[in-house]
Amino acid sequence: MEITERVAVLGLGRMGLPLARRLDGSARELTVWNRTPGRAEGLTEAASPEEAVRGAGVVVTMLADPAAVAAVADRFRPALAPGTLWIDMSSIGPAAVAEQRGLLPAGVDLVDAPVLGSVGAAAAGSLVVYAGGEDPALDRAQPLLERFGRVVRCGGPGAGAALKLVVMGAVVSSVTVVGEALAVAERLGVPAAQARRALAAGPLAGVLARIDSTGADFPIRLAAKDLALAGGGPVFAAALAALLADPARAELDLAAAAG
């Protein structure tokens, strides 16, 4: 489906660039911006966030964390015209979403739409998109979000951001737990192949598949960020401590936490 509005995409990192490519050719007009210039790869690149969003009907952000979203939004917020829809696809949690909503100019709405899936799924349009917001804003965002994958409408403002933390808390903690189980198997003399077959035959099969995936690219530092935002109790806290134990692994994929 063609997107009839002018779209600006801010943030061309691991996920932002493939998302922008998904919109190229389907949006009436597309402008992109990235903090480090030169990543646009042929897309129309603005020199600043303000320039990118000026005249856009829909603004999409995909940034690393709440601080990055706040810093970039502080720059583009004054340039948002009444009637603009901001879709934030960053994983920043419901508290940060509420904070950003409270700062919006009159007539501007915000949909929180973090995603589940990695770079390959972003390029293929097979992500799961957790969308939260008021119904009119979600209706307006739906055609664009469908370019990225399956849209799950979670409820009101912040609901998508909240569900993303619930899911990522479970996934990230489970990866670290299975990694520890494999280490226990080695210590007890259980052959690695046998341990993996047993895990793959039970309810942890999906977690083991994530550990063995060769196409995922989700750095440990971002997994730790999601766990920290989720909060939780002793299990999440222990998983977070395990992720942060070796700073040298920060840029490795989450699967390294099971190594």
Side-chain angles (χ1 to χ4, degrees), residues 1-37 39-40 43-94 96-115 122 127 129-149 151 157-158 160-161 164:
M1 178 185 297
E2 183 182 3
I3 300 163
T4 58
E5 300 184 269
R6 179 175 178 267
V7 179
V9 175
L10 285 72
L12 300 177
R14 285 177 171 88
M15 298 293 286
L17 183 57
L19 294 183
R21 286 178 179 148
R22 293 288 305 171
L23 297 177
D24 187 31
S26 62
R28 181 172 64 83
E29 185 180 346
L30 177 67
T31 303
V32 301
W33 174 85
N34 193 60
R35 180 172 55 185
T36 303
R39 290 185 54 86
L43 302 175
T44 301
E45 186 173 13
S48 67
E50 305 94 304
E51 178 184 321
V53 307
R54 196 167 288 120
V58 180
V59 174
V60 177
T61 49
M62 177 60 94
L63 301 163
D65 52 35
V69 171
V72 174
D74 284 347
R75 295 180 62 182
F76 72 68
R77 193 182 299 110
L80 296 176
T84 305
L85 174 63
W86 174 17
I87 303 175
D88 181 50
M89 307 192 73
S90 319
S91 184
I92 62 173
V97 169
E99 180 180 1
Q100 291 304 317
R101 285 184 65 85
L103 295 171
L104 287 177
V108 176
D109 210 344
L110 173 61
V111 164
D112 48 289
V115 301
L127 296 166
V129 183
Y130 297 129
E134 303 292 350
D135 284 341
L138 290 172
D139 291 342
R140 185 176 170 192
Q142 183 86 18
L144 184 147
L145 295 177
E146 286 177 345
R147 295 291 302 164
F148 305 141
V151 180
K164 171 66 184 292

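Nothing fancy with the numbering, it's 1 onward along the sequence. Not measured: the values here are computed from a predicted model.
Side-chain contact between L138 and V111 is present, with heavy atoms from C-beta onward closer than 4.5 Å. With a 4.5 Å cut-off on side-chain heavy atoms, R75 and E50 count as touching. With a 4.5 Å cut-off on side-chain heavy atoms, L30 and R6 do not count as touching. Contact of the R77 side chain with the Q100 side chain is registered, since non-hydrogen atoms from C-beta on lie closer than 4.5 Å. Between P105 and V108, the closest side-chain pair of non-hydrogen atoms falls below 4.5 Å. The shortest side-chain heavy-atom distance between L80 and R54 does not fall under the 4.5 Å cut-off. Residues L127 and L19 meet the side-chain proximity criterion, which asks for heavy atoms closer than 4.5 Å. Considering only heavy atoms from C-beta on, M15 comes within 4.5 Å of V115 through its side chain.
Heavy-atom minimum distance, G13 versus P18: O-CD, 4.1 Å. Counting all heavy atoms, side chain and backbone alike, L10 lies closest to A52 at CD1-CB, 4.2 Å. Shown here for P114 and S90, the closest heavy-atom pair between the two residues is CB-O, 3.7 Å. Across all their heavy atoms, V58 and E5 have their closest contact at CG2-OE1, 3.4 Å. For G158 against P94, the heavy-atom pair with the smallest separation is O-CB, 3.7 Å. Across all their heavy atoms, G11 and L63 have their closest contact at CA-CD2, 3.9 Å.
Going from atom CG of L110 over to atom CD1 of I87 covers 9.0 Å, rounded to the nearest 0.5 Å. The CZ atom of R35 lies 15.0 Å from the OG atom of S48; values are rounded to the nearest 0.5 Å. Interatomic distance, CG of L12 versus CE of M62, reported as 11.0 Å (0.5 Å rounding).
Remark: the T36 side chain and the N34 side chain contain no N/O donor-acceptor pair separated by less than 3.5 Å.
In this structure, F76 has its ring center no closer than 6.0 Å to that of W33.
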Step-by-step salt bridge (Lys or Arg N to Asp or Glu O under 4.0 Å) determination, R140 to D109 = CA-CA 11 Å; R140 185 176 170 192; D109 210 344; over 6 Å; no
Run the numbers on D88 and W86 for side chain to side chain contact (heavy atoms under 4.5 Å, CB included), then give the verdict.
-> CA-CA 6 Å; D88 181 50; W86 174 17; 3.8 Å; yes
Decide yes or no on side chain to side chain contact (heavy atoms under 4.5 Å, CB included) for I92 and D65, but give the supporting numbers first.
-> CA-CA 6 Å; I92 62 173; D65 52 35; 5.6 Å; no
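Checking V9, L17, V60 one by one against V32, the side-chain contact (heavy atoms from CB on, under 4.5 Å) holds for a single residue, V9.
Atom CZ of R14 sits in a crowded spot, with more than 12 heavy atoms from other residues, nucleotides or ligands closer than 6.0 Å.
Between E45 and R39 there is no salt bridge, since no side-chain N of the basic residue sits under 4.0 Å from a carboxylate O of the acidic one. Using a 4.0 Å cut-off between charged side-chain N and carboxylate O, K164 and D112 make no salt bridge.
In terms of modelled atom types and a separation under 3.5 Å, the side chain of R22 and the main chain of R147 share a donor-acceptor contact.
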